Amino acid sequence: MSILTVNKLTKSFGGLTAVSNVNMEINEGELLGLIGPNGAGKTTLFNLLTGVYVPTSGIINLNTDGKAVTLNGLKPYSICKKGVARTFQNIRLFKDLTVLDNVRIAMHKNIKYGLIPSFFHLPSYKKEEARLIEKSMELLKILNLEDKKDELARNLPYGEQRHLEIARALATDPVLLLLDEPAAGMNPNETAQLTELIGWIREKFKLTILLIEHDMSLVMNICERIYVLDYGMVIANGTPDEIKINQRVIEAYLGEDLNNAGD
Amino acid sequence: MEQLLQQIINGISLGSIYALIALGYTMVYGIIKLINFAHSDVYMLGAFIGYFSMTTLKLGFLPSLLLSMLFSMILGVVIEKVAYKPLRNATRIAVLITAIGVSLFLEYVTMAIAGANVRSYPPLTGILTESFNLMGITITMQQILIVTITVVLMILLQFIVKKTRIGKAMRAVSLDSDAAELMGINVNSTISFTFALGSALAGAAGILVGIYYNSINPLMGTLPGIKAFVAAVFGGIGIIPGAMIGGYFIGIVEVLVSGYGNSMYRDGVVFAILILVLIIKPSGLLGKNTREKV
Amino acid sequence: MKKLIETNWIRKLISLILTFGIIQLLISLDIINSYLQTTLATICINIILAVSLNLITGFTGQFSLGHAGFMSIGAYTCALITLRVPSVLGFIIGVFAGAIMAAIVGFLVGLPTLRLRGDYLAIATLGMAEIIRIIFLNLDSITNGAAGLQDIPHFTNWPWLFVFTAGTILIISNFIKSSHGRACISIREDEIAADAMGINSTKYKVMAFTIGAFFAGIAGALYASTFNFIDPKIFSFSKSIDILVIVVLGGLGSISGSVIAAILLAIITTYLQSFANVQMIIYSLLLIIIMIFRPQGLMGSKELSLSMFSKIGEGFKPKKRRV
């Protein structure tokens, strides 16, 4: 069953069409890759899916619990509330807050006390805050950040900042997780660990994951299916093996040898 | 109809003064993103220098105008070097508080030296006191003088910004000061030059308002300062033609509200228009909407 | 964990009782005479104003230059009520009515303007406060126009000032430490990321604005009752600036900073009164010098705490900020 269906999605900025006529289907529980040369429109597609941009035309449908919800025109926060979480290519943590606070903030949408308890720290506040801390620590443990809970996000090394972004996205309790270049700036060793981690959290949280990545070893290793974008259009989709030998993909990447990647 | 035209003529004279002040706000904001609160006091001091030049030094109008522009220019550059430059890398709100500090300092130092009372400006003499009647509309020589000087200064400013090397540097720094620096532009001296230009215009506005309204005092800058800033925002802050349009618009609206409505609501209407413009088109009349890249 | 929360609570209570008791004692011994009591009232009113503006500007990151507008609504509402019902009950009703009126206006003003960012918001709030002032100036039949309202009954004394000031500080600092408060802070940190994490940024900006306006209304009401006279000029643009100066001097995002700055500024102003003619010159110079040498304000975004003093002994640790 598909969890997300994208139908003829188009976004133009003035005269420039960044995403054009994209059709896409993501099945529940799938780990999907989205690749393409620089400027192909990958991040723009993410921004459309998460409500940062409003589509020029086309439809985005999210199917959860047997119901279809149209995401077009929804604000980013309500798309997040519907169960779509994301990370950012150019890390956007709450830099001057602690690691723990970064994660707790992402849990706000499910908070169970109102304004009055927050003014007077009533019992409902205390109970809920204890639950938040407990749940945050669980997530931090999974991402190996539990020792750093009181560290400011800005002081974390780069790789850990990327981990924290994932922890924060998971804290919103998503069904669909969008990862924008999670391995950017990581060394091969860290990338290998991240690859393992992504597979593991998918099992653990029963997630569907869509990821943008330039690192072919990561994409070819863990993605079940891959969509290839070029000049805003989907030029191919299929399994990693199909993509590796697809003539249009090879032309788009001109010179990059996909056959050697992922081994 | 005649009355309307008369009001518009009066509005244009007042608008000229707002436009001259607004230009300084807009240029400084364009280049260092600072609401330079001290700008309104440079304008006030321009009026005072003009006053002393015409009374104590007994100079004529034009030499006084030049003297007050020169003094304001130096003052603007000194303010920037002493108070704002050390805060180049601080938060914008810290620089804003500093600007407020400079503004208070100038006001109260002037008050300590010249006294808090209102002074009446020396009257103009000769041909400048005359006025004409054109189809029932009265136009004074003062008004012609104000508008002429404003237009000449604006043309001069446009020439400097569009045609000269330093003008090109100003535009480059306001677009991206880091890139400009890498291209070999001296950012600090460009900023100083911007303050010099803006302050000179404010000085001119000061002396013009003195001869127009005939009275000056150390706190005279506050309200026109805010309104001139409103004019700059209205036209699109950072955009020079925007400040001119905004200045004239605010001037005309103000005179029309006083003429046809209740002069007590004059400032209220100006601010209401500002809020409406901001809500409908936050970047102002001529501004372009920019989005943060995600 | 639970024990820690409780000892914290007890510590807070003790320090509150001590503060109240010591000052009450000094008043009854006439060490704090009636002149100093006015200064005390000014300090309390300024603390309420600064802490509530800090919620908007320091914690939520929304630059407001119109706090005096909300203050004036509280002041006029309370004055008009106590002029008709000159009793303690009337005073209490007046204070809360003023606060609620200010909150309603804050909500209505915030809804359209808080879509604006940075300096544009600052200018819109400035314009809004000026419009409020001009309305008060022109509602002759109710507000007595430029002449203002005189002989407003005096009800504020140290116990009332203490209750409202301590109440404001406690409620706002509690709010900051709650999930709703963290939602506000996340907007200051990165609005786009906050939105992506499910936080309705407009809602929380308006919420911070409304809460801030509510407490500014309380401060205005206390002002009217303390000084027995109000006119529109008191609540002009320069009043908003005065409040902002306290917040920035204390440190954006530090409640204890706002409290310390409000007290310090009151002391400096009282001291400078003996040099009336150069008072404002010294004040403005201080402002410039402090900003050049300490642009983050006295406290930065840190809070004053007991652990801070014990830390001085063990040298400087990496700076951390908790919410």
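The figures that follow rest on heavy atoms only: side chains count, while hydrogens, waters and symmetry mates do not. Each chain gets a letter, A, B and so on, in the order its sequence line appears, and its residues count up from 1. Given the structure is predicted, the values throughout are model-derived calculations rather than measurements.
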Response to the item:
In terms of heavy-atom pairs under 4.5 Å with chain B, the winner among Ile131(C), Leu286(C), Asn138(C) is Asn138(C)
Worksheet item: For the side chain of Thr26(B) and the backbone of Leu23(B), is there at least one donor-acceptor N/O pair under 3.5 Å apart?
Response: no
Worksheet item: For Val248(C), is it the side chain, the backbone, both or neither that has a heavy atom under 4.5 Å from a heavy atom of chain B?
Response: side chain
Response to the item:
Okay, Phe293(C) and chain B: the region with an atom under 4.5 Å from a heavy atom over there is neither
Item to complete: Side-chain contact test, heavy atoms from C-beta onward, threshold under 4.5 Å: evaluate it for Tyr108(B) versus Tyr283(C) and give yes or no.
Response: no
Discussion item. Within the 4.5 Å heavy-atom criterion, are His67(C) and Thr57(C) side-chain neighbours or not?
Written reply: no
Worksheet item: Among Ile226(B), Thr222(B), Val230(B), Val270(B), which residue forms the greatest number of heavy-atom pairs with chain C at distances under 4.5 Å?
Response: Ile226(B)
Practice prompt. Indicate yes or no: at least one non-hydrogen side-chain atom of Gln62(C) is less than 4.5 angstrom from one of Thr125(C).
Written response: no
Response to the item:
Pair count under 4.5 Å, heavy atoms only, with chain B: among Met291(C), Arg133(C), Met128(C), highest is Met291(C)
Worksheet item: Taking C-beta and beyond as the side chain, do Ile35(B) and Arg92(B) meet within less than 4.5 Å on heavy atoms?
Response: no
Response to the item:
When the 4.5 angstrom heavy-atom criterion is applied to Leu137(C) and chain B, the contacting part is both
Practice prompt. Sort Pro86(B) into side chain, backbone, both or neither according to what part of it lies under 4.5 angstrom from a heavy atom of chain C.
Written response: side chain
Fill in: ring-ring contact (aromatic ring centres under 6.0 Å, His included) contacts touching residues 259-280 of chain B (sequence neighbours left out)
none
Worksheet item: How about residues 273-281 of chain B versus chain C: which residues have heavy atoms under 4.5 Å apart?
Response: Leu274(B), Ile275(B), Leu278(B), Ile279(B)
Discussion item. Is Phe229(B) in contact with chain C via its backbone, its side chain, both, or neither, using a 4.5 Å heavy-atom distance?
Written reply: side chain
Worksheet entry | chain B interface, residue from Thr113(C), Ile292(C), Leu121(C) that has the most non-hydrogen pairs under 4.5 Å | Ile292(C)
Response to the item:
Bottom line for Ile290(C): the part with an atom under 4.5 Å from chain B's heavy atoms is neither
Discussion item. Report which part of Ile123(C) has an atom under 4.5 Å of a heavy atom belonging to chain B: side chain, backbone, both, or neither.
Written reply: both
Discussion item. Taking the ring centre of each residue, are Phe237(C) and Phe37(B) less than 6.0 Å apart?
Written reply: yes
Quick one: side chains of residues 41-49 of chain B, donor-acceptor pairs under 3.5 Å with protein atoms, not counting sequence neighbours, listed by atom name and distance.
unit_1, atom_1, unit_2, atom_2, d
Asp41(B), OD2, Ser103(B), OG, 2.6

May I have the list of side-chain donor-acceptor pairs in residues 232-245 of chain B shorter than 3.5 Å, sequence neighbours left out?
none

Discussion item. Using heavy-atom distances under 4.5 Å, tell me whether Ser236(C) contacts chain B through its side chain, its backbone, both, or neither.
Written reply: neither
Worksheet entry | Atom group of Ala112(B) that falls short of 4.5 Å from chain C, counting heavy atoms | side chain
Practice prompt. Enter the distance from Asn36(B):CG to Leu96(B):CG here, rounded to the nearest 0.5 Å.
Written response: 9.5 Å
Discussion item. I need the minimum non-hydrogen distance between Ile288(C) and Ala83(B), along with the two atoms involved.
Written reply: CG2-CB, 4.4 Å
Worksheet item: Looking at Thr110(B), Ile113(B), Asn117(B), which one forms a side chain to side chain contact (heavy atoms under 4.5 Å, CB included) with Pro218(B)?
Response: Thr110(B)
Worksheet item: Below 4.5 Å, heavy atoms only, C-beta onward: do Ile281(C) and Phe105(B) meet side chain to side chain?
Response: yes
Item to complete: Specify which of Ala90(B), Gly284(B), Gly268(B) makes the most heavy-atom pairs with chain C at under 4.5 Å.
Response: Gly268(B)
